[in-house]
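See structure below.
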There are 2 protein chains.
Amino acid sequence: MLDFAVLGLLMERPRHGYELKRALGELGFWRVSFGSMYPSLRRLEKRGAIEATTGTGRRKSYAITEAGRATFAALLAADPDANETDRAFQVRLAFLGHLPQEQRVKILEERRNRLSSQLKTARETLVDARTASKNTDRYRLALMEHAMRSTEADISWLDGLVASERRTATA
Amino acid sequence: MLDFAVLGLLMERPRHGYELKRALGELGFWRVSFGSMYPSLRRLEKRGAIEATTGTGRRKSYAITEAGRATFAALLAADPDANETDRAFQVRLAFLGHLPQEQRVKILEERRNRLSSQLKTARETLVDARTASKNTDRYRLALMEHAMRSTEADISWLDGLVASERRTATA
DNA sequence: TAAAGCATGTAAGAGGTTACATGATTGG
DNA sequence: CCAATCATGTAACCTCTTACATGCTTTA
């Protein structure tokens, strides 16, 4: 996961660890720690996916290798397992630009469909929870309702992204 | 985290492991695995926070003890550290009914304020990312914008909850 | 010249998951 | 009677965090 994100950021240009941490944080959904970042760089270097070149001062600038590009492409295109976390999807989305339009749409639609079926289940659970006999705690009901609305918002956001893909494709 | 959630569910009535897993899943935000659930029950039992009584068939029904209630109350009332995860907040919220109204409002408002300052940072980062010179990837922009809108929605949801607390207080 | 931020790194541990193993109970 | 679901449990592992340790560089 982290290794994938690091490769993705290095696809654009070489960066050093500190900078990678910051860049990832700025994406908004993942504030990774140094205790996570540096071991990741070590792993990737050992695998031959990235190469270090000493930069200014203490800095170690890392660049992606050909092997690294291949690994990245494979990870990006691999179809996600059913349990893909929100974060895993967000990371993929952040690097979606490296994929051809056709595959982008596929990934967006798969995500959309997964959320859709989640939503269906959530709706059923909620209907059940609302039956008077269960008298579910009001905070739990609030939580469930809010989760439902959030998922609905996510779905229409994805619909928007798909629509925009199709527009740019025909344009 | 999980231990806390388990205690919370057992505050209402005794349950067995399988049932606890299901109940947690129905809350919508946490599908915990058995490999996580059973060790949790083991830990809590060892600490004296819960007690097992064999029920129907293979079932082991767990009930919360006095010590367990004390632990639960302490965890629920403890003010959250700055890095409280979304899930940690959601779990607290699920059990907010066990707290007096005054503390409920405090927790909701603290959460609201934390999200508010997060939103401020996110907004600044976004403005920065949109400057033409940076020409940020469009998918990353979409991600950041969506995250912002989600946070805004969360904040107004919390505002609604606080307002409803105040209404019931004066009623 | 001191504080704040830049920069790299390791060790220990928290907190989960997956895969495996076992077996009872219920419904078509 | 067979499949699905109920039910409990362990071992290996994964991924990330916290806390610690170190030292450079910029700026008020």
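This structure is a prediction, so every number in the text was calculated from the model and none was measured.
Rounded to whole angstrom, the span from the NZ atom of B:K46 across to the C1' atom of D:dG9 amounts to 14 Å. Protein atom CZ of B:R15 is 13 Å distant from nucleotide atom P of D:dA7, rounded to whole Å. The CZ atom of A:R59 sits 12 Å away from the C1' atom of C:dT8 (whole-angstrom rounding). In this structure, CD of A:E84 is placed 18 Å from C1' of C:dT18, rounded to the nearest angstrom. Atom pair B:L41:CG and D:dT10:P shows a separation of 11 Å (rounding to whole Å applied). Taking atom CZ of B:R87 as the reference point, atom P of D:dC16 lies 14 Å away to the nearest angstrom. Whole-Å rounding puts the A:F4 CZ to D:dC16 C1' distance at 18 Å. Rounded to a whole Å, the CG atom of B:D3 is 12 Å from the C1' atom of C:dG16.
Checked against D:dC16, C:dT10, D:dT10, the side chain of B:Y38 finds its nearest nucleotide in D:dT10. Of all nucleotides listed (C:dT10, C:dT8, D:dT8), C:dT10 comes nearest to the side chain of A:R42.
Between B:E26 and A:R140, the closest side-chain pair of non-hydrogen atoms is not below 4.5 Å. Between A:L7 and A:F95, the closest side-chain pair of non-hydrogen atoms is not below 4.5 Å.
Not counting sequence neighbours, the partners of B:S116 by the side chain to side chain contact (heavy atoms under 4.5 Å, CB included) test are B:R112, B:I155.
Shown for residues 17-37 of chain B: residues whose heavy atoms fall under 4.0 angstrom of DNA chain C, namely B:W30, B:R31, B:V32, B:S33, B:G35, B:S36.
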>> Go through it in stages, so that I can follow the logic: the residues are A:L108 and A:D159, the test is side-chain contact (heavy atoms from CB on, under 4.5 Å), and I'd like the CA-CA distance, side-chain angles, deciding distance and then a yes or no.
In response: CA-CA 8 Å; A:L108 293 171; A:D159 284 340; over 6 Å; no

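Under 3.5 Å, the side chains of A:Y139 and B:R104 contain a donor-acceptor pair of N or O atoms.
Salt bridge present: B:R111 and B:D86 bring a charged side-chain N and a carboxylate O closer than 4.0 Å. Between A:E152 and A:R123 there is a salt bridge, since a side-chain N of the basic residue sits under 4.0 Å from a carboxylate O of the acidic one.
Across all strands, B:R43 comes closer than 4.0 Å to no nucleic acid atom at all (heavy-atom distances).
For A:R58 and D:dT22, the shortest distance from a side-chain N or O to OP1 or OP2 is not below 4.0 Å.
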